[in-house]
Amino acid sequence: MKKIGDNYDVIVIGAGPAGSAAARRLAQAGLQVLVIEQRQKIGDHVQCAEFVPLMITKYADLRAGDVAQQVTGIKTFINGEVASVLRAPGYVLHRARWDKELADAAAAAGAQLMTGGRAVTVNGLVVTLLCGNKQQEVTGRFILGCDGPRSLISKQLGNQAGETCIALQQELTLAKPLKYAKIYFDPAWYGGYAWVFPKGRAANVGLAVHTSYTGQLKDLLAEFCCTLVKDQIVLDIAGPATTGGLIPSGGLVPCLANDHMLVAGDAAGCTHPITGGGIMNAVVSGQLAANAVIMQANSPAGKHLADGYTSAIQAEFGRQFAIARNRLANRNQGWTDNKAEFTTLIRRNWIAFPEYYAQ
Ligand SMILES: Cc1cc2nc3c(=O)[nH]c(=O)nc-3n(C[C@H](O)[C@H](O)[C@H](O)COP(=O)(O)OP(=O)(O)OC[C@H]3O[C@@H](n4cnc5c(N)ncnc54)[C@H](O)[C@@H]3O)c2cc1C
């Protein structure tokens, strides 16, 4: 790896989809970009169910090898019964591979990538990195936090830790291939849902719940997997180690940027509050962040970074997230063990049903 310098136009923290998409665009505009990623290997290990809408190709390149499977749509189950079959084609990705390709594309455009380095503090324009036990300071005219749901940069902008769900997932072998992704709602899984996202002969099988259920998540997922075996959807519950993580559900963070610092992707709360989908939004927000930085860098006298970026993000996500936050609050407040009421509640508050949009 090339030795890193002391000064850059932009320091991007995090090489997930948001960081790599932003870094590529910034480097293409001729800016000196450093991307810092704490993991040794980009994309490894995957903490994601890997489902994206087909529309992702409008914003990012997908090669044939990045797609594990194309799905026809989403089947939603409530209380174990099919309640909706939605034609909403999408891809289930090989995210480790795709994340690496996004980062490689940023590097090919001229961004410098540093893996195995963690941003530990930010003081003004100076970022302190920790690589092993070695500390180093790097200065950037702009600092872009694409550092996920526990973002250092978001905190630095004054944002409190936002609402999140907690998710756990396993890869299991399917009894037979599936054309549809499956989503399951059950009163036992407060504030969340379970999924089976097919990847050819295997599937990502997971469960996300309200963080108050963190202690029960492992048992709930094990129970769900056993039901899938009983229903002959998966062959058995043996699979590689589980993965998981936090999924932001609170919507956009109050402060997205100041005059030199911005956040994008999960760090900015760009994950859809109801679905938890954040991959495409990470790419889109990373690109919007890059646009805002490029504009500010090209006209340093103007002070439009925070306003310009905030307006762009609000225009992209503001309305749909406001609706989603409202539905999430309704769903969690009305959560019930009564099966009939639960079905009505989910229909009013899940994107696959017309009732979601009719309020
Ligand atoms: C279990 C699970 C399943 C999910 N399933 C889906 C799905 O099917 N579809 C979907 O659209 N979304 C899904 N999501 C959400 C999706 O994974 C995220 O929204 C998406 O990864 C956000 O991209 P990002 O670039 O903002 O952040 P991330 O992908 O989290 O990338 C952030 C990067 O920053 C690095 N980093 C963090 N802090 C530092 C630091 N201080 N210094 C250096 N590097 C740092 C991290 O190592 C990481 O590589 C899921 C999330 C979880 C947890």
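Values in this document were obtained by computation on a predicted structure and should not be read as measured data. Computed over heavy atoms, backbone and side chain alike; hydrogens, waters and symmetry mates excluded. Ligands are counted one by one from 1 in listed order, and the atoms in each one are counted from 1 as well. Just so you know, residue 1 is the first one in the sequence shown, and it goes up from there.
Given atom 14 (N) of ligand 1, the protein heavy atom at minimum distance is G276 O, 3.7 Å. Nearest protein heavy-atom neighbour of atom 26 (O) of ligand 1: D266 N, 2.9 Å. In this structure, the protein non-hydrogen atom closest to atom 5 (N) of ligand 1 is A49 N, 2.9 Å. Here the protein heavy atom with the shortest distance to atom 31 (O) of ligand 1 is G16 CA, 3.5 Å. Protein heavy atom nearest atom 33 (C) of ligand 1, with residue, atom name and distance: E37 OE1, 3.6 Å. Looking from atom 53 (C) of ligand 1 to the surrounding protein, the closest heavy atom is Q47 O, 3.4 Å. For atom 6 (C) of ligand 1, the closest heavy atom belonging to the protein is C48 SG, 3.4 Å. At the top of the distance list for atom 27 (O) of ligand 1, counting protein heavy atoms only, stands G148 CA, 4.0 Å.
For the 3.5 Å distance criterion, the side chains of Y8 and Q112 qualify, holding a donor opposite an acceptor. Using a 3.5 Å distance cut-off with no hydrogens or angles, the side chains of D99 and S20 do not pair a donor with an acceptor. W350 and E355 share no donor-acceptor pair across their side chains, judged by distance under 3.5 Å alone. Between S249 and H272, the side chains place no donor N or O within less than 3.5 Å of an acceptor N or O (distance only, hydrogens not considered). Defined by atom type and a distance below 3.5 Å, a donor-acceptor pair is present between the side-chain atoms of R25 and N291. The closest side-chain donor-acceptor pair between D147 and S151 falls under 3.5 angstrom.
Near R39, meaning under 4.0 Å from any of its heavy atoms, are these atoms of ligand 1: 47 (O), 49 (O). Near F51, the atoms of ligand 1 lying under 4.0 angstrom from a non-hydrogen atom of the residue are 7 (C), 8 (O), 9 (N), 10 (C), 11 (O). Applying the 4.0 Å criterion to heavy atoms of I13 picks out, from ligand 1, the atoms 40 (C), 42 (N), 43 (C). Residue contact check: G265 has heavy atoms under 4.0 Å from atoms 26 (O) of ligand 1. Close contacts between ligand 1 and A18 involve ligand atoms 25 (O), 26 (O) [criterion: under 4.0 Å to a heavy atom]. Atoms of ligand 1 found under 4.0 Å from any heavy atom of F197, numbered from 1 in the order shown, are 8 (O). The ligand atoms of ligand 1 that sit less than 4.0 angstrom from a heavy atom of A167 are 1 (C). Within ligand 1, the atoms closer than 4.0 Å to a non-hydrogen atom of C146 are 32 (C), 33 (C), 34 (O), numbered from 1 in the order shown.
Remark: aromatic rings of Y190 and H210 are close, center separation under 6.0 Å.
Below 30°, between 30° and 60°, or above 60°: for F51 and F197 the angle between ring planes is between 30° and 60°, a tilted geometry. Y184 and F77 have parallel rings, their planes meeting at less than 30° on a 0 to 90° scale where 60° marks the start of perpendicular.
Of the N or O atoms in G244, none lie within a sub-3.5 Å distance of an N or O in ligand 1. For ligand 1, the polar-atom distance check finds no N/O of L246 at less than 3.5 Å from any of the ligand's N/O atoms.
Of the candidates V120, D147, V52, the one placing a heavy atom closest to atom 37 (C) of ligand 1 is D147. Comparing heavy-atom distances from atom 44 (N) of ligand 1 across R95, R150, Q38 singles out Q38 as nearest.
Residues V196 and I279 do not share a hydrophobic cluster, clusters being chains of Ile/Leu/Val/Met/Phe/Trp/Tyr side chains in contact below 4.5 Å.
Contact check on R97 versus D104 returns no salt bridge, with no Lys/Arg side-chain nitrogen under 4.0 Å from an Asp/Glu carboxylate oxygen.
With a 6.0 Å radius and a threshold of 12 heavy atoms from other residues, nucleotides or ligands, N123 has its CG atom at or below the threshold.
Ligand 1 is approached by G117 to a heavy-atom distance shorter than 4.0 Å. A heavy-atom separation below 4.0 Å is found between I36 and ligand 1. At least one heavy atom of E50 sits less than 4.0 Å from an atom of ligand 1.
If you run ring pair (Phe, Tyr, Trp, His ring centres under 6.0 Å) between W189 and each of Y213, F224, W195, only F224 comes through. Here the rule is side-chain hydrogen bond (donor to acceptor under 3.5 Å, both in side chains) with E50, and of R95, Q69, K199 only K199 fits it.
When heavy-atom distances to ligand 1 are checked against a 4.0 Å cut-off, P17 comes that close through both its backbone and its side chain. Neither the backbone nor the side chain of L152 has any atom closer than 4.0 Å to an atom of ligand 1 (non-hydrogen atoms only).
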